[in-house]
Amino acid sequence: MHPAKPELLAVDLDGTLLRSDMLLESFWSALGRDWRVIFGAAKSLMTGRAALKAYLSEIADVDVTTLPYNEAVIAHIRDWREKGGRTALVTATNQTLADEIGAHLGLFDEVHGSDVATNLKGPAKAKFLEETFGEKSFAYMGDSSADLPVWDAAGLAIAVNVPGPVRSRLGKLDVPVEDITAGAPQMKAYFRALRPHQWLKNVLVFLPMLTAHQLTGGNFMLSLLAFLAFSLIASSVYVLNDLVDLRADREHPRKCKRPFAAGDIPITKGTSMAGGLLFGGALISVFLGSAFALTMLVYYLATLAYSVNLKRRAILDICVLAGLYTLRIVAGGTATGISLSVWLLAFSIFFFFALAAIKRQAELVDMASRGQLDASGRGYSVGDLQIISMMAIGAGYVSILIMSLYVNSPNVVALYSTPTMLWGISCVLLYWISRLVLVTHRGHMHDDPVIYAAKDRMSQICAVVIFAFALLGALV
């Protein structure tokens, strides 16, 4: 027969009160501020996890007010207090961050965290609670196998979303158990984390085959494999980007719904997801040959550098984005062995520079509408809006000029029976880019102009008309 319900409720943080992990939150935040933190973290870890947590807490910039808290757990804590019980946050998280979280929530009578020497986890936490409150004199709320020694010392075990094997081991302990099940991750959240809608950009790998008029079954299959490799590797970087951008995403009205920012997926899964996707894309890349594999390596390193540093560099970030779009075209050429036209590469650089500038323009317009002066994690302010708009228009018009010059080049005569039909493409692009900048200026642009264009009816019409002019030029 078990004793009466304890007065004190001790609550774990990671995975229990918080639908995240503060060690990883601190690591990704610190990495986003300075990529060299990897070396400092490795050095601190040699001293112990407690030292690592202390090191990261000094560098990281975690906003505890936007963290994904578990509402079911918070409701349980409030109910405990309303019934006259006392509460304590007892966590392996560094004391400084634990104090900030405790002060923000205002739910705890005491807050206890790790210091430089002690990592308050597992047996160490059980020993601390027994020495502080007495054996079996507290209830403990946790979520993982690391909490089993603590539950064994508690007078009441409260299990939050505990996995089946851990729940089975918990049931064998001499302690009463209560279960809280609240919003376990769903497969669709993992799928959303891959950002499959962004795979639309990867259709650019088919462009070399199409513009060179070499649409064969073999080239199509090679391009399709290149598309798959790009999608996997791009999703790998999207996952890492979401981890680095946790704070900025949580402060954004739409990006805060991304799976990692919202806590729909534990960030403990992020690294393994990114690694698995990268491995799959790398295997396909090696199969497509060394030239394609090298192109993908350049793409991955450039995207990684963009995620952790370059996206905060004004203008340079736009140049990198334009280059990453163009690399997709280069990859299509290396996968199929088709030589790329200088005209195509020149058009691509300016055209995608314009789209990247429109992307930044949209972000600044959104900031201005929310009264925010500086972009979080970016190198821009609202005052730069006019300059960015001019850059978008200028680069877009230069890309159209290149297209117009291409129509009069000797290359076109060999590929198109009626080259003059291609002038219609230049006219449509002139209208489309001008309209896109205007739509963005009015605040109606999606965060990404490519995704906006895929859903916008007028953009779809423009795409059909462009395809019709290209077809007529080739066949008529």
Side-chain angles (χ1 to χ4, degrees), residues 198 200-213 318-319 321-330 332-333 340-362 365 388-413 415-442 444-476:
Q198 297 286 1
L200 175 65
K201 301 172 184 177
N202 301 330
V203 299
L204 290 172
V205 300
F206 293 95
L207 206 55
M209 174 185 66
L210 296 173
T211 56
H213 294 189
I318 297 177
C319 295
L321 286 176
L324 292 175
Y325 277 111
T326 303
L327 267 177
R328 290 171 165 87
I329 299 175
V330 173
L340 299 178
S341 163
V342 174
W343 293 104
L344 176 60
L345 293 176
F347 171 82
S348 172
I349 286 292
F350 284 98
F351 181 77
F352 291 115
F353 185 97
L355 292 188
I358 290 173
K359 178 181 174 69
R360 290 292 175 260
Q361 179 193 4
V365 169
I388 300 301
S389 300
M390 289 189 293
M391 288 166 53
I393 296 170
Y397 288 175
V398 168
S399 71
I400 297 169
L401 175 61
I402 292 172
M403 178 69 191
S404 301
L405 293 173
Y406 169 70
V407 172
N408 291 321
S409 71
N411 305 48
V412 173
V413 177
L415 293 172
Y416 295 89
S417 56
T418 313
T420 53
M421 297 299 298
L422 301 185
W423 279 102
I425 296 177
S426 296
C427 295
V428 175
L429 286 176
L430 182 64
Y431 164 77
W432 183 73
I433 289 177
S434 301
R435 179 178 179 272
L436 213 60
V437 174
L438 181 62
V439 167
T440 306
H441 176 75
R442 292 176 175 177
H444 302 312
M445 173 57 64
H446 185 276
D447 295 324
D448 192 317
V450 175
I451 305 304
Y452 172 86
K455 299 177 180 179
D456 175 53
R457 178 58 59 86
M458 185 55 68
S459 296
Q460 293 168 355
I461 293 173
C462 288
V464 171
V465 174
I466 287 174
F467 178 75
F469 276 122
L471 196 63
L472 289 172
L475 301 180
V476 174

Query raised in the report: Can you check side-chain hydrogen bond (donor to acceptor under 3.5 Å, both in side chains) on Y397 and S434, steps first, answer last?
Result: CA-CA 9 Å; Y397 288 175; S434 301; 2.8 Å; yes
Requested in this report: May I ask you to test the F352-L204 pair for a side-chain heavy-atom distance under 4.5 Å?
Outcome: yes
Requested in this report: State whether the side chain of S348 and the backbone N or O of L344 hold a donor-acceptor pair below 3.5 Å, judged by distance alone.
Outcome: no
Requested in this report: Please check if atom CZ in F350 has more than 12 non-hydrogen atoms from other residues, nucleotides or ligands closer than 6.0 Å.
Outcome: no
Query - Heavy-atom side-chain contact between L340 and V330 under 4.5 Å - result: yes
**Report entry** Atom of R435, atom of S459 and distance for their closest heavy-atom approach
**Finding:** NH1-OG, 4.1 Å
Query raised in the report: Does F347 reach the side chain of L429, with side-chain heavy atoms less than 4.5 Å apart?
Result: yes
Query - From R457 atom CZ to C462 atom SG, the distance as rounded to the nearest 0.5 Å - result: 12.5 Å
Requested in this report: Output the distance between atom CG (D448) and atom CD (Q198), rounded to the nearest 0.5 Å.
Outcome: 5.0 Å
Query raised in the report: Are Y325 and V450 close enough that some pair of their side-chain heavy atoms sits under 4.5 Å apart?
Result: yes
Query raised in the report: Going by heavy atoms in the side chains, are T440 and K359 under 4.5 Å from each other?
Result: no
Report task. Just say parallel, tilted or perpendicular for the rings of Y406 and W343, cut-offs at 30° and 60°. Result -> tilted
Query raised in the report: What distance do T326 atom OG1 and L321 atom CG have between them, rounded to the nearest 0.5 Å?
Result: 10.5 Å
**Report entry** Side chains of R328 and L207 in contact at under 4.5 Å (non-hydrogen atoms)
**Finding:** no
**Report entry** Distance (rounded to the nearest 0.5 Å) between I400 CD1 and S426 OG
**Finding:** 7.0 Å
Query raised in the report: Taking the side chain as C-beta and beyond, is there a heavy-atom pair between L355 and L436 under 4.5 Å?
Result: yes
**Report entry** Atom of F469, atom of L422 and distance for their closest heavy-atom approach
**Finding:** O-CD2, 4.3 Å
Query - H441 and V365: CA distance, side-chain angles, deciding distance, side chain to side chain contact (heavy atoms under 4.5 Å, CB included) verdict - result: CA-CA 7 Å; H441 176 75; V365 169; 5.7 Å; no
Requested in this report: Look up atom CD1 in I402 and atom CG in L345, then write down how far apart they are to the nearest 0.5 Å.
Outcome: 10.5 Å
Query - Taking every non-hydrogen atom, the tightest pair across V437 and A392 - result: CG2-CB, 4.3 Å
Query raised in the report: Could you walk me through whether F351 and M403 pass the side chain to side chain contact (heavy atoms under 4.5 Å, CB included) check?
Result: CA-CA 10 Å; F351 181 77; M403 178 69 191; over 6 Å; no
Query raised in the report: At their closest point, which heavy atom of M458 faces which heavy atom of Y431, and how far apart are they?
Result: CG-OH, 3.5 Å
Query raised in the report: Would a 4.5 Å heavy-atom cut-off, applied to side chains only, mark I349 and S399 as touching?
Result: no
Report task. Would you check if the side chain of Q460 reaches a backbone N or O of A454 as a donor-acceptor pair within less than 3.5 Å? Result -> yes
Query raised in the report: So which heavy atom on A354 is nearest to which on G396, and how close?
Result: CB-N, 3.5 Å
Query raised in the report: Roughly how far, to the nearest 0.5 Å, is CD1 of I358 from OG of S389?
Result: 9.0 Å
